[in-house]
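Working notes, beginning with the structure itself.
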Amino acid sequence: QGALYRQVLRGNSGAAGAWLKRLADYGSGTVQWIFAVSVRDNAPLSPDVLAEQSEHKDVLIVQQGHRRDDTGVEEATTEQMLKIFAQIRDFQFRWLIVSRQDVFVHVERLVAALQGQNPPGGKVLGLWQAGVGAAATALAGAAGAASSLMAAGSAAAHQLDARFFALSRDVFSLLVSPQLMSRLQTSGPDASFGDKALLAGGLNSWFRGFAVERISLPGMHFEQGLGATGRCPPGGTLALHPVSPEQLHALSASPGAAGC
């Protein structure tokens, strides 16, 4: 399914409104994307993926073992993410957006949220939750201004959903700095955030030690997908998960779908 998602997101499925392509067009050449495609250690690379990489020049292949989350679903790992971050360390950008392939994004709402963060420093945007487990509730806004990124975070129990989030450039630079990157733990349990080998556990265990502004984006609808209607996201949706390649195509092909 990965190839189908990438086809839609590039705008090559006949759905010119694909959110990633539209975001790149919105930025007038200032937006660049990379698809991270992970393969198991020592597994042969698919000829189709190699051909796709050669044609589009936007596929980064990461060889690293997978881990399973609590539901048994295979997830990318924090070690994989750090390998990807190392590859783009020297890129110049204001925001780094990380998204799963099966997330639909309303571009105008995303751009408005990013433009509203001024100055764009010391911030992590996404679905932040207060506490962990079934009793978690979404935060209404930022956790507070950051005075020093390396200072102890004041919101240790605030958990970021790793399916879609944005990092300001200075937070990214901190994570990939040689002095810190080699010390970031990418395995083992965390009492608050679970397995540090998985993105959610690893990221949140790292952010606990940073005094970043934790900005909770509005309109983040995860888990329920399109629900019973099968076609209309909830009103005001900024990001929706999960969606199938077919649903992502349908949402991208219908300009009004994201607002119904």
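The shown structure was predicted, so the numbers you read here are calculated from the model rather than taken from an experiment.
- Salt-bridge check for R6 with D58: failed, with every basic side-chain N at 4.0 Å or more from each acidic carboxylate O.
- Within the model, atoms CD of Q1 and CG of D102 stand 8.5 Å from one another, a figure rounded to the nearest 0.5 Å.
- Counting only heavy atoms from C-beta outward, the side chains of L9 and F35 approach each other to under 4.5 Å.
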Working for side-chain contact (heavy atoms from CB on, under 4.5 Å), residues V124 and F207: CA-CA 9 Å; V124 180; F207 288 148; 4.0 Å; yes

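- Side-chain contact of S13 with H249: a donor-acceptor pair under 3.5 Å is present, judged by distance alone.
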side-chain contact (heavy atoms from CB on, under 4.5 Å) between L167 and F85, worked out: CA-CA 12 Å; L167 305 176; F85 281 6; 4.2 Å; yes

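- Atom CD1 of I34 and atom CG of L96 lie 9.0 Å apart (nearest 0.5 Å).
- Put simply, CG on D195 and CG on D190 are 10.0 Å apart, with the number rounded to the nearest 0.5 Å.
- Around the CZ atom of R89, the shell of radius 6.0 Å holds more than 12 heavy atoms that belong to other residues, nucleotides or ligands.
- Using modelled atom types, no side-chain atom of Q87 and backbone atom of I84 make a donor-acceptor pair closer than 3.5 Å.
- Here the closest heavy-atom approach between residue F193 and residue S205 is recorded as CD1-N, 3.7 Å.
- With Q247 contributing its side chain and S244 its backbone, the two residues share a donor-acceptor pair below 3.5 Å.
- Within the 4.5 Å cutoff, no side-chain heavy atoms of V103 are placed close to those of L240.
- The two residues R214 and R208 come nearest to each other via the heavy atoms NH2-CA, 4.1 Å.
- Rounding to the nearest 0.5 angstrom, the gap separating the CH2 atom in W19 from the OH atom in Y26 is 14.5 Å.
- Counting heavy atoms of neighbouring residues, nucleotides and ligands inside a 6.0 Å radius, atom CD of E108 exceeds 12 of them.
- Contact of the T78 side chain with the L198 side chain is not registered, since no non-hydrogen atoms from C-beta on lie closer than 4.5 Å.
- Between the CG atom of L110 and the CZ atom of R22 there is a distance of 11.0 Å, given to the nearest 0.5 Å.
- Proximity of a side-chain donor or acceptor of E213 to a complementary backbone N or O of G122 within less than 3.5 Å is not detected.
- Linking ILVMFWY residues whenever their side-chain heavy atoms come closer than 4.5 Å, directly or via other members, leaves V105 and L4 in distinct clusters.
- Between the side chain of D170 and the backbone N or O of G121 there is no donor-acceptor pair closer than 3.5 Å.
- A salt bridge does not link E52 with K57: none of the charged nitrogens is closer than 4.0 Å to a carboxylate oxygen.
- No donor-acceptor pair under 3.5 Å is formed between the side chain of R94 and the backbone N or O of P120.
- In this structure, Q32 and F91 have side chains that are in contact, with non-hydrogen atoms separated by less than 4.5 Å.
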Test side-chain contact (heavy atoms from CB on, under 4.5 Å) applied to Y5 and L248, step by step: CA-CA 8 Å; Y5 278 112; L248 183 60; 3.8 Å; yes

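- Side-chain contact between L180 and L174: present, with at least one pair of heavy atoms (C-beta onward) separated by less than 4.5 Å.
- Ion pair R10/E55 not flagged as a salt bridge, since none of the NZ, NE, NH1 or NH2 atoms sits closer than 4.0 Å to an Asp/Glu carboxylate oxygen.
- Side-chain contact check for N12 versus H56: some heavy-atom pair is nearer than 4.5 Å.
- Taking the side chain as every heavy atom from C-beta outward, F164 and R100 never approach each other to under 4.5 Å.
- Between T30 atom OG1 and L23 atom CG the span is 8.0 Å, to the nearest 0.5 Å.
- Of all the heavy atoms in W206 and M81, the pair that sits closest is CZ3-CE, 3.6 Å.
- The two residues G235 and H221 have their closest heavy-atom pair at O-NE2, 4.2 Å.
- The minimum heavy-atom distance linking P242 with E223 is given by the pair CD-O, 3.6 Å.
- The main-chain N or O of D48 is found under 3.5 Å from a side-chain atom of S46 such that the two form a donor-acceptor pair.
- The shortest side-chain heavy-atom distance between V176 and I88 does not fall under the 4.5 Å cut-off.
- Although no hydrogens or angles enter the test, the distance criterion places a donor-acceptor pair under 3.5 Å between the side chain of S168 and the main chain of K123.
- At least one donor-acceptor pair closer than 3.5 Å links the side chain of S173 to the backbone N or O of R169.
- The six-membered or imidazole ring of F93 lies near that of F172, with a centre-to-centre distance under 6.0 Å.
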side-chain contact (heavy atoms from CB on, under 4.5 Å) between I61 and L50, intermediate numbers included: CA-CA 9 Å; I61 296 173; L50 291 174; 4.0 Å; yes

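- Contact detail for V31 and A24: the closest heavy-atom pair is CB-CA, 3.7 Å.
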